[in-house]
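Labels below follow one simple rule: chain letters A, B, ... track the order of the sequence lines, proteins then strands, and each chain is numbered from 1. Heavy atoms only: backbone and side chains are in, while hydrogens, waters and symmetry mates are out. Everything numeric in this text was worked out from a predicted model, so none of it was measured.
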Protein chains: 2
Amino acid sequence: MRQRSPQTWRLIRDSAVGLMADRGFDAVSVDDITAAAGISRRTYFNYFAAKESVLFDPDPDDPRLWAELTAARPAGEPLWTALHQLILAYTAAAGAEIVRQCRVIAASPSLAVCSRETCDRFWDCARAWAAGRDTAATDLQLDLLINTARAAFSTVSARWDVDTGIPGLHALIDEAFTLVISPEWKKL
Amino acid sequence: MRQRSPQTWRLIRDSAVGLMADRGFDAVSVDDITAAAGISRRTYFNYFAAKESVLFDPDPDDPRLWAELTAARPAGEPLWTALHQLILAYTAAAGAEIVRQCRVIAASPSLAVCSRETCDRFWDCARAWAAGRDTAATDLQLDLLINTARAAFSTVSARWDVDTGIPGLHALIDEAFTLVISPEWKKL
DNA sequence: ACTCATCGTGCACTGAGTGCACGATAGCCC
DNA sequence: GGGCTATCGTGCACTCAGTGCACGATGAGT
């Protein structure tokens, strides 16, 4: 991949999401995007490897946000609690972007699969961060814990009504993270 | 979608997977597949909506297998245990196909995302089956339980060395399902 | 002025996926 | 047997995604 300027990245992203929010993902071609952004087709693919990428690629600013959020977690905090708080903080910070993305995805079922990639970024970071903490957990335990948190989140985000906004999402997250840690729920 | 004959379905599937096992997914075009199967390009797309579909679409025989496996679960069995046993039985039954698929996917990283769809089919069935059982669980509890099981499975399948075969996979599944249900693992 | 890195562009090409109309075969009914 | 119909494979033309490559504009350093 060639080098990329952050301004062009934003320009393409904003043009594309704008069009897709209006017409839906499938009704917008790459040519439409490049026309709206005033760039060439080839430049588009210098920035985004595929049509979906313009929705799902990480914001260049993301690593900075993640560093900030993890730095705020106290040292001795149990991992489960920390993950709970991190996901609240992350969804709060990226709120507007998330809601916009969810609307486009919801309107175009063919995108449902790809949407997982967005979450994966978060959980990959979480995994790396958790592994760097002082803990007695084995690799397998860590993976299971992270993936269970991921499962809790994906469960509630599937039930989330986008119109309730981030507060509605947070209420569901709290409920799920509490349920999973309760001792009796697996005897169902 | 037009009507389809099971023989043609199998013919295309087998030709495609054969080629992909040899050369890798990306190096096989739809034209290669249709040439190998002795059918036309258009017929291919009458059977499979996309190139990946030939790997990931459910075997027409799958519903029968699923019905058989769930019928074998005793009525009062805790859901977690039942899911544990179901996934052992399913991976045992579909073993050869799974190993073959995993090899192709492992050799072509661009397919990693799509591979989730295969698992989704299993867990969708599991969810529907669990909802039909007599249980005091709420919808949210059921979803969380299913998705936690899914997380446990996806954790171990990511760590699975395909060359250890289905027995190796089963050992990992047993370990994970035991760990997750143990009371202390979330205090890490 | 020269050089070099950066980054946008034009073009030609491959391959995925679709809409549509046609054709071959096989069963069925009179 | 002749005509009807459902099934299912096929050929063709087309759109759009994605790539390799060479060129061009700009701007900074010397």
Side-chain angles (χ1 to χ4, degrees), chain A residues 1-20 22-57 59-60 104-105 107-115 117, chain B residues 1-20 22-58 60 104-105 107-115 117:
Chain A
M1 178 79 78
R2 302 268 285 270
Q3 236 145 340
R4 303 159 304 167
S5 86
Q7 300 91 306
T8 309
W9 191 94
R10 273 248 97 73
L11 170 66
I12 301 177
R13 165 90 133 208
D14 289 342
S15 308
V17 176
L19 289 177
M20 288 174 182
D22 281 353
R23 301 188 223 160
F25 180 82
D26 289 331
V28 175
S29 73
V30 173
D31 285 335
D32 294 335
I33 299 171
T34 60
I39 50 133
S40 80
R41 174 184 183 70
R42 199 62 193 77
T43 297
Y44 176 89
F45 284 106
N46 283 339
Y47 279 79
F48 299 98
K51 186 183 165 189
E52 310 84 72
S53 309
V54 78
L55 270 177
F56 295 119
D57 272 9
D59 193 303
V104 175
I105 295 167
S108 167
S110 72
L111 287 176
V113 175
C114 300
S115 71
E117 292 185 68
Chain B
M1 180 78 77
R2 303 267 285 267
Q3 237 144 342
R4 302 160 303 165
S5 86
Q7 300 90 307
T8 308
W9 191 93
R10 273 249 95 75
L11 171 66
I12 301 177
R13 166 89 132 211
D14 289 341
S15 309
V17 175
L19 288 177
M20 288 173 183
D22 281 354
R23 301 188 224 160
F25 179 82
D26 289 331
V28 175
S29 73
V30 174
D31 285 335
D32 293 335
I33 300 171
T34 60
I39 51 138
S40 80
R41 174 183 182 70
R42 198 62 192 80
T43 298
Y44 176 89
F45 284 107
N46 284 339
Y47 279 80
F48 299 98
K51 186 183 164 188
E52 309 84 72
S53 307
V54 77
L55 269 177
F56 295 120
D57 272 9
V104 174
I105 295 167
S108 167
S110 72
L111 286 176
V113 176
C114 300
S115 70
E117 292 185 65

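Closest heavy-atom contact between Arg10(A) and Asp59(A): NH2-OD2, 2.8 Å. In terms of heavy-atom proximity, Arg23(B) sits nearest to Val28(B) at CB-CG2, 4.1 Å. Minimum heavy-atom separation, Val54(B) to Ala16(B): CG2-CB, 3.6 Å. The two residues Met20(A) and Ile33(A) make their nearest non-hydrogen contact at CE-CD1, 4.0 Å. The two residues Tyr47(B) and Ser5(B) have their closest heavy-atom pair at OH-N, 2.8 Å.
Residue Ser5(A) places at least one side-chain N or O under 4.0 Å from the OP1 or OP2 atom of dG8(C). OP1 or OP2 of dG9(D) sits under 4.0 Å from a side-chain N or O of Thr8(B).
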Please list, for nucleotides 25-28 of chain C, all pairs of protein and nucleotide N/O atoms separated by less than 3.5 Å.
none

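Spacing between atom OH of Tyr47(B) and atom C1' of dT7(D) amounts to 10 Å, rounded to whole angstrom units. Following rounding to the nearest Å, Asn46(A) (CG) and dC7(C) (P) show an atom-to-atom distance of 11 Å. Between Ile39(A) atom CD1 and dG10(C) atom C1' there is a gap of 14 Å when expressed in whole angstrom units. Nucleotide dT18(C) holds its C1' atom 13 Å from the CG atom of Asp26(A), rounded to whole Å. Summarising the geometry, the separation between NZ on Lys51(B) and P on dG17(C) is reported as 8 Å, rounded to the nearest angstrom. Remark: P of dC16(D) and CD1 of Ile33(A) are 13 Å apart, rounded to the nearest angstrom. Summarising the geometry, the separation between CZ on Phe45(B) and P on dA13(D) is reported as 18 Å, rounded to the nearest angstrom. One can place OH of Tyr44(B) at 15 Å from P of dG9(D), the figure rounded to the nearest angstrom.
For the pair Asp32(A) (side chain) and Ser29(A) (backbone), a donor-acceptor distance under 3.5 Å is present. Tyr44(B) places a side-chain N or O within 3.5 Å of a backbone atom of Ala50(B) that can act as its donor or acceptor partner.
One can find a donor-acceptor pair under 3.5 Å joining the base of dG20(D) and the side-chain atoms of Arg42(A). Judged by atom type and distance alone, Arg41(B) does not reach the base of dG15(C) through any side-chain donor-acceptor pair under 3.5 Å.
Checked against dT9(C), dG17(C), dA17(D), the side chain of Thr43(A) finds its nearest nucleotide in dT9(C).
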